[in-house]
Number of protein chains: 2
Amino acid sequence: MFKIGDFSKLSRVSVKMLRHYDQLGLLKPAYVDPFSEYRYYSADQLPRLNRILALKDLGLTLEQIARVLDENISGEQLRGMLTLKRAEIEQQVRAELNRLARIETRLRQIEGEGTLPAHDIVLRTVPAQLVAGLRQSIEADSAVAPLFDELETYVARHKARAARAPLLLCHESEHRARLDLEVVVPLTNAIPASARVTVYELPGIEAACIVFTGPYDVRMAEAAAALFRWADAHAYQAAGPTREVFLRFGADDLGFPLPAAYLTHEPAAYVTELQLPLRRAPARQA
Amino acid sequence: MFKIGDFSKLSRVSVKMLRHYDQLGLLKPAYVDPFSEYRYYSADQLPRLNRILALKDLGLTLEQIARVLDENISGEQLRGMLTLKRAEIEQQVRAELNRLARIETRLRQIEGEGTLPAHDIVLRTVPAQLVAGLRQSIEADSAVAPLFDELETYVARHKARAARAPLLLCHESEHRARLDLEVVVPLTNAIPASARVTVYELPGIEAACIVFTGPYDVRMAEAAAALFRWADAHAYQAAGPTREVFLRFGADDLGFPLPAAYLTHEPAAYVTELQLPLRRAPARQA
DNA sequence: CTTGACTCTCCCCTTGTGGGAAGGTGTATG
DNA sequence: CATACACCTTCCCACAAGGGGAGAGTCAAG
C-alpha cells in the first residue's frame, strides 16, 4: 500500500486531486487507517485512476465520470453522453472561432486607427414587443419629430404607452431619394389601429448594436456604416430594417409615462442605439 | 437617472452584473443616493457599458477590461493584449479539436466493441531521471528476471537504488528474432558504470500510457498494439523505445528500498505501465 | 528519542454569475 | 395619509476543479 504522496508520484496526480477524488467518491483509497485517517492506495487502483483521467480528458465532468464508473452505464448511454459532449465542444469551437474573427477585426481597427474605435459593436438578442407604428416616406430627418408627436398623442389617448424607449425603423426603399421611415412606440396593451397607425408585435431579433451619444449628425451615419461593415466582415446579412432606439432624446413632455431620465434638452446628451438585425449569411466558400 | 432595474432593462444586463461591475469599479453608477444607497444610472453610461460588453466578448477578463478602460492604455499595449488573447484562444481551439478527435476515437471503439475498451490511454509527461541500465539481446521474456537480479544487485552494492519503479526499454532491433531489451532501475545518485551496466539520465518524454493489471500475457501485447494504433490515429510518431514500468511485480525482496507496495506474489495483481514516447507526426495532408 | 518529512482536516481563493434572505425605499392606489 | 407592493440594499452561498496554507497529528530513520 502506498501513502498518498507515493501514489501521487506514481500516478503523477497531485495529492490535492487524490483527496478531492476521494471526497467525491471517484477514487476511494484501498484502505484508510481508522486511527490516523491516513489514506493508503494500492497499485491496482491505477487503472481506475487512469480511466478517470482518460474520461476527464474527453471533457466529462467529474460527476459524469462518477456515473460512468459506478452505475456501470451501458454502451448505449455512454455513446449518448459522448455524442452530446462532442456537440458541446463543436459548439464551443465555433464560438471561439467567432471570437477569433472579432479579435482580428479589432486588431485591424487598431492598426488602422491607432486606438480603439469610437463605437463598440455588441451582439445581443432583442425581445419582441407590442408596438404602435406610423410609417411614412419623408424627405428629411426633420420631418420625424411631427410623426412622433402624432403617434405619441394617439397612443396617449388610449393610455397604452409602455415606459420604454421609442424607436425608428429605417425601411429599405428602392427609390432612395426619399426615406421610408416608421416611427414606433411600445405599448402596454393592444389598442385599435387607425388609418395611419398600425398596431402589431415587433419581432424579436438578433442584432448588432451600437450605442451612440450626441446629436443626430454625420457621426451617426458613420456608426451605421460601421455596423454594416461589421456585419459583412463577420458573414452576417441584414434581416430586417435597421432600428434606431431613442434611449435619451429631446422632446417636450407630452404627458406620456416616460421617466425624466429619457429626456434631455442638451443634444450632446442624446443617447441612441442603432440595431442592425442579423442573420447568418450563406457561406462564401467552404 | 434610471434605477438599477430600469437601466438593466435598457441595457439587457442583469441587475446582478451591474452591481458586480459597480463593485469591481468597472461601471460606477452616475449617482448613489447617500441615504438609501440606491444606485442611479444615466443613459449616457450605456456606451461605457457597451464597451465593457464588447471587450468581454473578445474574451478579456473583467480585470483586464478595467485596465483598458481606466488606465487609458495605449493602442500598442492594447494590441499586445489582444494578440496574446488571440494566441490563447488559438491554443484552446487546438486543444478542443484534439479533444474532439479523442472523442471520435472513443465513439468508434464503442461502436466496435459495444462498451469501453479494457484499457485507457492517457497522455502525460514523464520527467527525466538518473538510471542504471543493462542492455542485452535475449530470446524470451523469461530471460528478463535474471537481468534485473544482476542489475539490482549491482546497484544495491553502491547503495544508490531510488525508491521508484524499475522499467524495461524495448529497443527496436532490425532482426526481430531476438528482443533487444534494456532493464533499467532508478538511482538516487551517480555510481560508476561497469562493463555491463551503464549509468545515464533517461530523458523525459511525452508519452501515451496504459496501465495494465495482471500477468504478462497476450493481453499485454494487445495493450501495446492499442498504444501504437492510438498514436497513429492521433498523428503521433514513436519517439524512442517503448517503456514498461513495473509498478507492482513479483520479485524476491533483494534488500533494496522499494516499499512492499511494489511487490506481490500474485501475478493477477501485477501492475505494469506501458509508455510509448511520442512526437508529432508530420502532417499527411494540409 | 528526536527530527524532519508526511499527512490529516479545515478554511479561503480563483471567475463570472445566479439565487435567496432579511430588511429598507419609492410610489401608486384606495 | 396609510398601506400594499414592487423595488432596492447588503450579505451569504453556490458553481468546477482544484491550489495554497495553517495548525495539528503521524511515521520512520538515525
Side-chain angles (χ1 to χ4, degrees), chain A residues 1-29 31-41 49 52-53 55-67 85 88 92 95 99 159 163 188 257-261, chain B residues 1-29 31-41 49 52-53 55-67 85 88 92 95 159 161-163 188 255 257-261:
Chain A
M1 308 288 268
F2 299 95
K3 286 202 290 192
I4 196 169
D6 295 327
F7 194 67
S8 164
K9 283 175 199 136
L10 212 58
S11 62
R12 287 108 180 159
V13 170
S14 78
V15 170
K16 280 290 188 185
M17 287 175 63
L18 289 174
R19 283 201 274 251
H20 192 206
Y21 293 167
D22 178 11
Q23 199 178 337
L24 296 184
L26 258 186
L27 184 75
K28 292 284 186 192
Y31 171 72
V32 177
D33 184 303
F35 298 109
S36 67
E37 302 268 274
Y38 273 29
R39 294 172 180 83
Y40 290 91
Y41 292 86
L49 181 52
I52 291 171
L53 296 180
L55 292 173
K56 191 154 69 77
D57 221 40
L58 297 184
L60 298 186
T61 68
L62 298 185
E63 192 182 1
Q64 291 170 322
I65 294 172
R67 286 218 309 281
K85 183 61 69 178
E88 284 178 22
Q92 191 183 335
R99 200 191 295 273
K159 299 198 192 315
T188 57
L258 268 193
Chain B
M1 308 287 267
F2 300 95
K3 287 203 289 193
I4 195 169
D6 295 328
F7 194 67
S8 164
K9 284 175 198 134
L10 213 57
S11 60
R12 287 111 181 155
V13 171
S14 77
V15 170
K16 282 285 187 186
M17 287 176 63
L18 289 175
R19 283 201 275 253
H20 191 207
Y21 294 166
D22 177 12
Q23 198 179 339
L24 296 185
L26 259 186
L27 183 76
K28 293 282 185 194
Y31 170 72
V32 177
D33 185 302
F35 299 109
S36 68
E37 302 268 272
Y38 273 29
R39 294 174 178 83
Y40 291 92
Y41 292 85
L49 181 52
I52 292 171
L53 297 181
L55 292 174
K56 191 154 70 72
D57 223 39
L58 298 184
L60 297 187
T61 68
L62 298 184
E63 191 182 0
Q64 291 170 322
I65 294 171
R67 286 218 309 279
K85 184 60 70 177
E88 282 176 17
Q92 191 182 337
K159 297 196 193 319
R161 180 63 159 86
T188 55
L258 271 192

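In what follows, every chain begins at residue 1, and chains take the letters A, B, ... in the order their sequences are listed. Basis for what follows: all heavy atoms, side chains included, without hydrogens, waters or symmetry-related copies.
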Atom pair distance, as rounded to whole Å: [atom1] in [X] and [atom2] in [N]:
X	N	atom1	atom2	result
A/L58	D/dA17	CG	P	14 Å
A/L26	D/dG18	CG	C1'	13 Å
A/M1	D/dA28	CE	C1'	18 Å
A/I52	D/dG18	CD1	C1'	15 Å
B/E37	C/dT25	CD	C1'	12 Å
B/Q23	D/dC11	CD	C1'	10 Å
B/Y31	D/dT9	OH	P	13 Å
A/R19	C/dT7	CZ	P	8 Å

Provide the closest heavy-atom pair for [X] versus [Y] in the form atom of the first, atom of the second, distance.
X	Y	result
B/L26	B/I52	O-CD1, 3.7 Å
A/V13	A/S8	O-OG, 2.7 Å
A/K56	A/L62	CD-CD2, 3.7 Å
A/Y41	A/L18	OH-O, 3.8 Å

Within this structure, what is the CD1-CE distance for the pair A/I4 and A/M17, rounded to the nearest 0.5 Å?
11.5 Å
State the CG-OG1 distance between A/L24 and A/T61, to the nearest 0.5 angstrom.
10.0 Å
With respect to the phosphate group of C/dT15, does any side-chain polar atom (N or O) of B/K56 fall under 4.0 Å of OP1 or OP2?
no
Base, sugar-phosphate, or nothing for B/R39, non-hydrogen atoms under 4.0 angstrom?
sugar-phosphate
The criterion is salt bridge (Lys or Arg N to Asp or Glu O under 4.0 Å); which residues satisfy it with B/D22, sequence neighbours excluded?
B/K28, B/R39
Whether A/K85 side chain and A/L58 backbone form a donor-acceptor pair below 3.5 Å:
no
Can you tell me if B/R12 uses its side chain to pair, donor with acceptor, with the backbone of B/L10 under 3.5 Å?
yes
Looking at residues 11-18 of chain B, who's got a heavy atom less than 4.0 Å off DNA chain C?
B/S14, B/K16, B/M17
Judged by nearest nucleotide, the residue sitting upstream toward the 5' end of DNA chain C, B/L62 or A/K9, is A/K9
Please list, for nucleotides 24-27 of chain D, all pairs of protein and nucleotide N/O atoms separated by less than 3.5 Å.
unit_1	atom_1	unit_2	atom_2	d
D/dG25	N2	A/Y38	OH	2.7
D/dT26	O4'	A/Y38	OH	3.2

